[in-house]
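As C-alpha cells, the structure follows; a few thoughts come after it.
Labels below follow one simple rule: chain letters A, B, ... track the order of the sequence lines, proteins then strands, and each chain is numbered from 1.
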Protein chains: 2
Amino acid sequence: MMSDETDHRVKAVVWRNDKLSLLDQRLLPEKELYIEIDSVDQAADAISSMVVRGAPAIGVTAAYAIVLAARSRFMDDPEQWKVLLQEDLDMLAVARPTAVNLRWAISRMHSCIKHITGNPEDVLLTEAKAIHQEDIDANVKMGLLGVQYLEPQSQVLTHCNAGALATGGYGTALGVVRAGYRAGKIQNVYADETRPWLQGARLTAWELAKEGIPVTLIPDSAAAYLMKQKHFDWVIVGADRIAVNGDVANKIGTYSLAVNARHHGVRFMVVAPTSTVDMEMRSGAEIPIETRDESEVLTMAGRNLSPAGVTALNPVFDVTPAELVDVIVTEKGVVERPQTGSLTKLFEP
Amino acid sequence: MMSDETDHRVKAVVWRNDKLSLLDQRLLPEKELYIEIDSVDQAADAISSMVVRGAPAIGVTAAYAIVLAARSRFMDDPEQWKVLLQEDLDMLAVARPTAVNLRWAISRMHSCIKHITGNPEDVLLTEAKAIHQEDIDANVKMGLLGVQYLEPQSQVLTHCNAGALATGGYGTALGVVRAGYRAGKIQNVYADETRPWLQGARLTAWELAKEGIPVTLIPDSAAAYLMKQKHFDWVIVGADRIAVNGDVANKIGTYSLAVNARHHGVRFMVVAPTSTVDMEMRSGAEIPIETRDESEVLTMAGRNLSPAGVTALNPVFDVTPAELVDVIVTEKGVVERPQTGSLTKLFEP
C-alpha cells in the first residue's frame, strides 16, 4: 500500500537485470544517467565518489552490493565464500565514515549470511529488497508523522537533499515536505543551495520540480537573515547519524541553521529512520566527521573558483546538539526535545 | 608616508590618462582586466553591474565619475553645467542602494561644486583624488587600530572581500588582516567563500595570495562548525552602512556569522571608515537592503546549477544588530560595544 506513494518517483538505487543500477548524482540536474554496478568494488567506489549519497540510500546500496559480492565469492569458492566475503564487508564499511546506515545495512546482511547454506544469492537479494522496501515504507510513515507538527500555511526551509535521491525513495525531510505539501499544510518550500556540493540546488530543486512542488533556492548564508524576516516556521532536515543522547550529525551547515533557528524561534525537525540511530555513540562528539578533498570547495565543474595556491577546509558534516532539536521523527515514533534515554525507548518492543 | 604601505598593491580604481580605469572584478581571478570609463553613465553601469564593488571603492569611483560628468557638462554648456550636472548626481546616487559611501562621496563632491567658478575639472579631480587618498590613509590607520585588539597567534575569519579591491586600496577588514599578519599577531586567515558572488573565493583569496598571506577558504555554512572546534578567535568584516545605533549592514551571511560568533564566544570586529556611518539612519531597520537578480544564485559562469523553473531569493546584504558587535574600528577611533551615541562621539571635533 505505502509504496504506491513512491512508485512514480525518481529512484536513486535500482536492482535490475541481476545488477545494481545507480543514478549518477554527480551529473544532476544536467544529465540523468544510471551507472551499472556488478561488483562490490564498483559499489564501494560509487559510494566514496558520491555517485550515490544520502545515508539511507548508501545503506540500501550496500545491501545490494553484498548480493553482488556474495555471488562472486560463492562462484569462486562455494566452500569458503563466507570467509572471503568478510573482506568485502570490511572494505564496504569504510567507503564513507559518517552515515551509520552503511554499517547498519552491512550488519543486517551479515546476520542473514550466518544462516545461509548453499547458494546465497536468492536469500541475500530477498533481504536487500526488504531493506530497500522497509526504507521506503519508513519514509512514508515519517512523512505522515512529521506533517502533524506543521500548522497550515507553514513555511519550510530544508538543507542538503534528504529526498527520494537520498533514500530508498520518497525521502526523510522531503518525505515530510511531500506529505505536507499534499495535505495543503505547506505554503512555501525553501532550499539552501548547500555548498560545496550543491545538493540543494542540484538535487532537492530537481526532485521537487519534477513533481511540481515549487521550491525557492537561497544561498546558505541567507538563512539567518530570512529567519529574522520571519520567512520560515520550520527547518526540516535529515540525518547521517544520531547519537543516543539525540545529537545529530548531518550535512555541513545544519548546525549553523540550528543555532540560528533557536536564536529566531524557528522550530527544528530532524527526520530519519531508526537505522540512522547509533546506539554505540553516547554523544555527537564520538561521531566521525568526514573531511573531503579541498577541490570540492576550490573548483566547480573543473573550473577554478580561486587562484592557484589557495587551500580550503572541507568538513562535509557537522553535529547539531540535541538541545537545539525540537523534534526527531522516526518510523517508530516521534521524540520531542530529545535527550539520553528518549531515543532508546523507540527500540523497546 | 602611509601610502607607501599600499603602493605595490592591486588597485581597483585608478585615474589615468584623464580617464577612470576600473579593474573588472567580475572576471577575477581568471582575468586581470581594466575597463576604461569616460562617462558618468558608464561609471554608474559599472557600479550597478559590479565591475567595481565594496562600499569605499564605490564611493571613490563615484567621485571620479563626477569629474567625468562635470567635464562633459561644462563642455556642453559652460553657463548651465551645474544645473545639468544634478541629473548625473541623481542617477549615480541610485546605482546601488545599500552602500552609503556612494551618497557620501556624491555629497562631498557636491559641496565642492558649489564654490567652483570656471572650468571645474581641476578642482574636482583634486577633490576626487583627496577622497581616494583619504580612504587609503583611513584604511592604514584602521589596520593599526584594529590590530591592537588581536592577541598573538590569532585565528581570524573574514567574510566577502573588504580588501584593497573593495576600497581605495589596502582594505578595511583586510587592512587589519594585513597589519596583523605583518605584526606577527595573526597565525591563520580563513575566508568564507561568500556565495553567491564568491567574493571570498575569487577576490579575498586572490588579493591575499598575491601578497603571500596564506588564506584558507571555507564554505560559508562551515563557519559555525569550525567555531565550535575553536578555529577562530575573531570574525573581522567590513560594512556597507552603519546606523547611528551601531547596527551594521554588510554582505549577506554576516548576520549569520555574528549570531554564531556570539553563541560560540568568538569576538566580532567591524572595520569601516566614518564615510560608512549614516547619521540619518537611527537603526539598521531603516537601511535599504538590495536584492539582486536570482540568476546570481541559479547559475555560475553562465551554467545552470539547478533545473529550469526553480526560483531563488538573492538578498545581498543583511543587518547585524549592534548588540552582536564587539568592536567597530573607524579611522577616527574605535567604538567598543556600540550603542546609540557612541558613534556620534567620533564626529565631534
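- For chain B, the option among A:I252, A:L208, A:L28, A:V297 with the highest count of heavy-atom pairs below 4.5 Å is A:I252.
- Remark: B:D220 CG to A:R195 CZ distance equals 8.5 Å, nearest 0.5 Å.
- Side chains of A:R303 and B:E30 form a contact here, defined as non-hydrogen atoms less than 4.5 Å apart.
- Put simply, the side chain of B:L217 reaches to within 4.5 Å of the side chain of A:S306, judged on heavy atoms.
- Here the CG atom belonging to A:L313 is positioned 9.0 Å from the CG atom belonging to B:N188, to the nearest 0.5 angstrom.
- Looking at heavy atoms from C-beta onward, B:S256 lies out of side-chain contact with A:S221 at the 4.5 angstrom threshold.
- Taken from CG in B:N314 to OG1 in A:T216, the straight-line distance is 12.5 Å, to the nearest 0.5 Å.
- The distance from atom OH of A:Y225 to atom OG1 of B:T254, rounded to the nearest 0.5 Å, is 12.5 Å.
- Side-chain contact between B:K228 and A:D318 is absent, with no heavy atoms from C-beta onward closer than 4.5 Å.
- Atoms CD1 and OG1, from B:I218 and A:T311 in turn, are 11.5 Å apart once rounded to the nearest 0.5 Å.
- Using a 4.5 Å cut-off between non-hydrogen atoms, no part of residues 232-249 of chain B approaches chain A.
- When each of B:P196, B:P315, B:P219, B:P29 is checked for heavy-atom pairs under 4.5 Å with chain A, B:P29 comes out on top.
- Only the side chain of B:I289 comes within contact range of chain A, with at least one heavy atom under 4.5 Å from a heavy atom of that chain.
- With a 4.5 angstrom heavy-atom cutoff, A:L226 touches chain B only via side-chain atoms.
- Contacts between B:A209 and chain A at a heavy-atom distance below 4.5 Å involve the side chain alone, from C-beta outward.
- Only the side chain of A:L298 comes within contact range of chain B, judged by heavy atoms closer than 4.5 Å.
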